[in-house]
Amino acid sequence: MGRYKTLTVNILLFACNTIATKLISFVLIPLYTYYMTTEEFGVTDIATTLTNLLYSLITLQVAEGVLRFTIEDKKHQKEYVTIGFGITAVSCLIVAILLPGLTLNVFGGLNNYRWQFLMLYVASAFQWYLGIVARGLNQIKLIPISSSISAVVSALLAYLLIAVMHQGADGFFFSTIVGSLVGALIFLIFGKQYLYITNDILKYGKKYTKQVLIYSLPLVPNALSWWLNTNVNRFFIISMMGIGVSGLFAAACKIPNFMNIVSQIFLSAWTLSAFQEYKKDNIARFYSTVFKFLHVVGSVLASTLILCAPLISSVMLQKEFYPAWILIPVIVLSVMYNIYGSFYASIYTSSMKTTFLFVTTAVGAIVTTALTPLLLTVIGVQGAGIAMCLGNFTLFILRVINSKKILDFKMNIPVVCCIEILLITQVVFSVLQIPVASWVISITVFMIVLIVGCCRIYPDMRKLFKKRTTINI
């Protein structure tokens, strides 16, 4: 039971971290949608989206390699941390050089905020990197502290600048930049991570740099493909329908993002446990049990969000943003498949067989990229969500099939398929908005998914509590 206890403790710690950051951002959505125009919201969304892309590409995914090797090779943690810090710093210089490219129409006017964008990248990049270093150095308790302070600073500044001073997009940039810098400084100072940055790497670091890059480089095309699969639709929407429509789509994505908030709590902890437990006995059973819980929680949460989309949107999406609620059900389904795909990715990263990650993600990205402009033309902005959903579904299925060559664990395919069919049915009726029938179908599906889910995990929960009781006695 030790591995489950460790996973549970890690989940609780990462829950504090995620609640502090993502949940506060979620709560701020009404503020953004009330005081900002769709165009301003679209610009801030494209800035965040582009920051994520550039960080993944230009840093060569080195943070993932640093995490992997600082856990495995504790004697040379300084070397690995220094390598990642140096590459992150170089990435900031590269972004500065690329700023003239923001004049392209596809970026929807982001060029007007180019210096704010640069500072956003710098602050975000170092906060992300140092947060991953904290995981590798087992400074897990510091992560929620840093995130909490960072999020509170950002939220207070956002309210002051956007609601009180009406600074719009400028207020968003400034509040986010300051919050991220505060978070990064906490890791450096209170985590004493500055002690892990050494000049000796110039003499002895070639070996360790090679190890990190061999692990990380195969993840770069995977990260690019993943980004294309989840974010390329923004650029198609801007090009074909304008930055305002992109702002509506971005706002609609914020509510399904609640599932990502919950999943990141789990997946951050799961990554550590997967690395630590992979070479131990009964790992297939461990994966099977954890996926069962993930699928049950994911399905129930997805069904809940689909059912309550209009009600939640009436609170979260203010003024001209409210009509975007109709986009939410399809995006919820897409996010759900994205989460399942991320779980299966841990099989590849734990076994250090990361190359095939690119293949599966690339196929998903191709599906999304090919279908998005086609479906936008045929059915409008709803097509972007459908294309993203099909891309994530394709990725998930490919990983389920291929990962069996590395680790074959049971996932109860008949039950999983039945639940997915029920959720798809709920989405279709929710989008069609058939009077009475849509509500009846949606509520019925929710109840079935909830009951089936409880029945699936009840035996495992009973065993867990029974063993705890036996130990206590």
Side-chain angles (χ1 to χ4, degrees), residues 46 48-65 67-68 87 91 94 98 106 128 212-240 249 253 260 263-264 267 270-271 274 291 330-331 333-376 383-408 411 420:
I46 206 66
T48 304
T49 300
L50 192 56
T51 297
N52 292 332
L53 170 65
L54 292 175
Y55 179 78
S56 298
L57 293 183
I58 303 177
T59 63
L60 306 177
Q61 288 292 98
V62 70
E64 298 299 324
L67 172 62
R68 188 70 177 92
I87 293 177
S91 75
I94 295 174
L98 295 175
V106 72
W128 293 337
V212 170
L213 292 180
I214 287 175
Y215 178 87
S216 299
L217 283 175
L219 298 177
V220 174
N222 175 69
L224 173 60
S225 299
W226 192 273
W227 181 90
L228 288 171
N229 200 32
T230 55
N231 294 293
V232 72
N233 45 35
R234 306 291 206 281
F235 296 95
F236 281 115
I237 295 172
I238 292 172
S239 300
M240 299 173 67
F249 185 81
C253 288
N260 274 329
S263 71
Q264 283 180 13
L267 291 173
W270 168 247
T271 300
F291 180 78
V330 174
I331 299 174
L333 207 60
S334 175
V335 171
M336 185 181 68
Y337 293 134
N338 184 299
I339 292 169
Y340 297 157
S342 296
F343 176 86
Y344 270 84
S346 66
I347 296 176
Y348 298 96
T349 54
S350 298
S351 63
M352 291 195 178
K353 298 179 181 179
T354 55
T355 303
F356 197 77
L357 276 177
F358 164 63
V359 177
T360 55
T361 313
V363 173
I366 290 171
V367 172
T368 301
T369 306
L371 291 179
T372 298
L374 175 63
L375 294 178
L376 281 174
I386 295 174
M388 184 168 63
C389 184
L390 292 174
N392 284 333
F393 178 76
T394 301
L395 177 148
F396 170 53
I397 294 300
L398 288 176
R399 288 185 180 175
V400 169
I401 296 172
N402 179 265
S403 63
K404 292 183 180 296
K405 300 176 183 178
I406 303 173
L407 179 66
D408 190 7
M411 63 176 294
E420 299 311 308

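Just so we're clear, the structure is a prediction, and the values are computed from it rather than from any experiment.
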Look up atom OG1 in Thr369 and atom CZ in Phe236, then write down how far apart they are to the nearest 0.5 Å.
6.0 Å
Those residues that, when tested against Arg234, pass side-chain hydrogen bond (donor to acceptor under 3.5 Å, both in side chains) (two or more places apart):
Asp45
Table please: side-chain donor-acceptor pairs of residues 52-61 below 3.5 Å, with sequence neighbours left out.
{"unit_1": "Asn52", "atom_1": "ND2", "unit_2": "Thr48", "atom_2": "O", "d": "3.3"}
{"unit_1": "Ser56", "atom_1": "OG", "unit_2": "Asn52", "atom_2": "O", "d": "3.0"}
{"unit_1": "Thr59", "atom_1": "OG1", "unit_2": "Tyr55", "atom_2": "O", "d": "2.4"}

Between Ala384 and Ile237, which heavy-atom pair has the shortest distance, and what is it?
CB-CD1, 3.9 Å
If I take atom CE from residue Met336 and atom CZ from residue Phe393, how far apart are they, to the nearest 0.5 angstrom?
9.5 Å
In Å, rounded to the nearest 0.5 Å, how long is the span from CG of Asn233 to CD1 of Ile331?
8.0 Å
Given side chains that start at C-beta, do those of Ile46 and Phe235 come closer than 4.5 Å, heavy atoms only?
yes
Could you check whether Ser334 and Asn392, counting side-chain N and O atoms only, form a donor-acceptor pair closer than 3.5 Å?
yes
Going by heavy atoms in the side chains, are Thr361 and Arg399 under 4.5 Å from each other?
yes
Give the minimum heavy-atom separation between Ser239 and Val106, together with the two atoms involved.
OG-CG2, 3.7 Å
Take Trp128 and Thr51 through the test side chain to side chain contact (heavy atoms under 4.5 Å, CB included) and record every step on the way to the result.
CA-CA 11 Å; Trp128 293 337; Thr51 297; 3.7 Å; yes
Side-chain H-bond candidate by donor/acceptor type, Arg68 with Ser216, under 3.5 Å:
no
Using a 4.5 Å cut-off on heavy atoms from C-beta on, say whether the side chain of Asn402 contacts that of Leu398.
no
Val363 versus Leu395: any side-chain heavy-atom pair under 4.5 Å?
no
Are side-chain heavy atoms of Tyr340 and Met411 found at a separation under 4.5 Å?
no
Calculate, to the nearest 0.5 Å, the distance between atoms CD1 and CG belonging to Ile386 and Leu374 respectively.
11.0 Å
Name the orientation class of the two ring planes belonging to Tyr337 and Phe396 (parallel below 30°, tilted from 30 to 60°, perpendicular beyond 60°).
parallel
For Leu390 versus Thr394, what's the shortest heavy-atom pair and its separation?
O-OG1, 2.8 Å
